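Notes follow the structure.
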Amino acid sequence: MEAKWRCIIEWITPEDAHIWYIRDVIYQGETRFQRVDIVETRFGKHIFLDGKTQSTQSDEYIYHEALVHPVMFSHPNPQNVLIIGGGEGATLREVLKHRKVVQAIMVDIDRELVDLCQKFLKEWHQGSFQDPRAELIFTDGRNFVEKCDAETFDVVILDLTDPTREGPAYKLYTKEFYELIYNVLKPDGIMVTQATSTYYNIEVFSSIFNTISAVFPVTRAYKAFIPSFLSDWGFVIGSKKYDPLKVNQEALKYSIQNDLKAPLRYYDSNLHFSLFAISKNVKEQMSKVGRISTDREPVYIAI
Ligand code: SAM
């Protein structure tokens, strides 16, 4: 990424880049783990980590609602929730909207980044870090689940940076890692991960799907169009018991109306089912590419 002449060039693949015009710079610097740019673009406040868009003020609600609510509403009683990553605090915000949640633990590797988000991205976290049900832990997410007691959580949400070669997250996309997540989930537990672009990174998206399928009896891929991510964005659910496609639509509508403390802007009981409608061409590609990612041979994103 280059940041000069008031623009940031974000490489999407080794051959495609997006040039972002910078209206204003809010913060630029390096933490121990990653480069952080918080700027203003036409999407409002906009956070980049290691040169990659993480979320923007005008469409973060789409990403965070799409990540959180399909799993939360697929589980009948999501009381204990673990979030790994999610530095901006918006995943925590969406989880805490659920009245049934008793405890939400968020584990992020980067304390300096979370401090910056608390300071500069108030529109994202909206005070969620101060909720008495929230607990914040700063350590590597893999390290945390390795030491965690078995069968602790109803829901695990992985809101991590992409699996880049140099980044801190690639070990949290492997079969061995998903086995650890399986172990910390209760017998009817369910997990979700962000799974990169279904267009620009189809091999990585398919690999995440195939890797989770090798561990969980129920695996579902879905997608949501996030304007600032420039394509449909993939998500993958792994579940020990509940199938998100077997949720009762009337019951879901009732729960959305009654079990939330604050309204949603994107997700509703009709959208729930259409999120899982992967187009024929993408399914065809998924059947051809995407090997299982392992600790010995992890799958990395191209850039
Ligand atoms: N929306 C994003 C995307 O599309 O890539 C993910 C957003 S969130 C900012 C990513 C978070 O993952 C960051 O806060 C980062 O510090 C955290 N993270 C990366 N590697 C991690 C690890 N090994 N353990 C815990 N957190 C990690």
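As the structure is a computational prediction, the values presented were derived from the model and not from experiment. All heavy atoms count here, side chains included; hydrogens, waters and symmetry mates do not. We count ligands from 1, going down the list as the structure has it; atoms in each ligand are counted the same way.
Summary of contacts: the protein heavy atom closest to atom 10 (C) of ligand 1 is Asp159 O, 3.3 Å. When only non-hydrogen protein atoms are considered, atom 24 (N) of ligand 1 lies nearest to Gly141 N, 2.9 Å. Scanning the protein heavy atoms around atom 9 (C) of ligand 1, the nearest turns out to be Glu88 OE1, 3.1 Å. Regarding atom 25 (C) of ligand 1, its nearest protein heavy-atom neighbour is Ile109 N, 3.3 Å. In terms of protein heavy-atom proximity, atom 19 (C) of ligand 1 is nearest to Thr161 OG1, 3.2 Å. Nearest protein heavy-atom contact of atom 5 (O) of ligand 1 is Gln54 OE1, 3.3 Å.
The closest donor-acceptor contact from the side chain of Glu176 to the backbone of Asp295 lies under 3.5 Å. Within the 3.5 Å criterion, the main-chain N or O of Trp20 finds no donor-acceptor partner in the side chain of Glu10. The main-chain N or O of Leu96 is found under 3.5 Å from a side-chain atom of Arg133 such that the two form a donor-acceptor pair.
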**OP:** Please report the C-alpha distance between Phe235 and Arg220 in whole Å, then the side-chain angles of each, then the deciding distance to 0.1 Å, and finally whether the side chain to side chain contact (heavy atoms under 4.5 Å, CB included) criterion is met.
**Re:** CA-CA 8 Å; Phe235 302 86; Arg220 297 286 180 197; over 6 Å; no
Show, in sequence, the C-alpha distance, side-chain angles and deciding distance for Tyr199 and Asp232, and conclude whether the side chain to side chain donor-acceptor pair (under 3.5 Å) test is met. CA-CA 7 Å; Tyr199 175 67; Asp232 271 351; over 6 Å; no
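Ser55 does not count as a contact of ligand 1, since none of its heavy atoms falls under 4.0 Å from the ligand. Proximity of Lys52 to ligand 1 is not established, as no heavy-atom distance is less than 4.0 Å. In this structure, Phe144 does not count as a contact residue of ligand 1, since none of its heavy atoms falls inside 4.0 Å of the ligand.
If you check each of Leu172, Asp108, Asp50, Leu116 against atom 13 (C) of ligand 1, the one with the closest non-hydrogen atom is Asp108. Of all the listed residues (Thr139, Asp110, Ile84, Asp140), Asp140 holds the heavy atom that lies closest to atom 23 (N) of ligand 1.
Less than 4.0 angstrom separates some heavy atom of Leu113 from each of these atoms of ligand 1: 13 (C), 14 (O), 16 (O). Listed by number with element, the atoms of ligand 1 under 4.0 Å from a non-hydrogen atom of Ala169 are 20 (N). Ligand-side atoms of ligand 1 in range of Gly85: 11 (C), 12 (O), 17 (C), 26 (N), range being under 4.0 angstrom from any heavy atom.
Scanning both residues, Ile301 and Val204, for their nearest heavy atoms gives CA-CG2, 3.9 Å.
Looking at ligand 1, you won't find any N or O of Arg142 less than 3.5 Å from one of its N or O atoms.
Salt bridge absent: Glu250 and Lys253 never bring a charged side-chain N and a carboxylate O closer than 4.0 Å.
The aromatic ring centres of His98 and Phe73 sit less than 6.0 Å apart.
Contacts with ligand 1 closer than 4.0 Å are made by side-chain heavy atoms of Phe229 only, the backbone lying farther away. At a heavy-atom cutoff of 4.0 Å, ligand 1 is contacted by the side chain of Gln34 but not by its backbone.
Taking the six-membered ring for Trp and thresholds of 30 and 60 degrees, His272 and Tyr267 have ring planes more than 60 degrees apart, a perpendicular arrangement. The aromatic rings of Phe129 and His125 sit tilted, their planes meeting at an angle between 30° and 60°.
At a threshold of 4.5 Å between non-hydrogen side-chain atoms, the residues Tyr173 and Leu158 do not count as touching.
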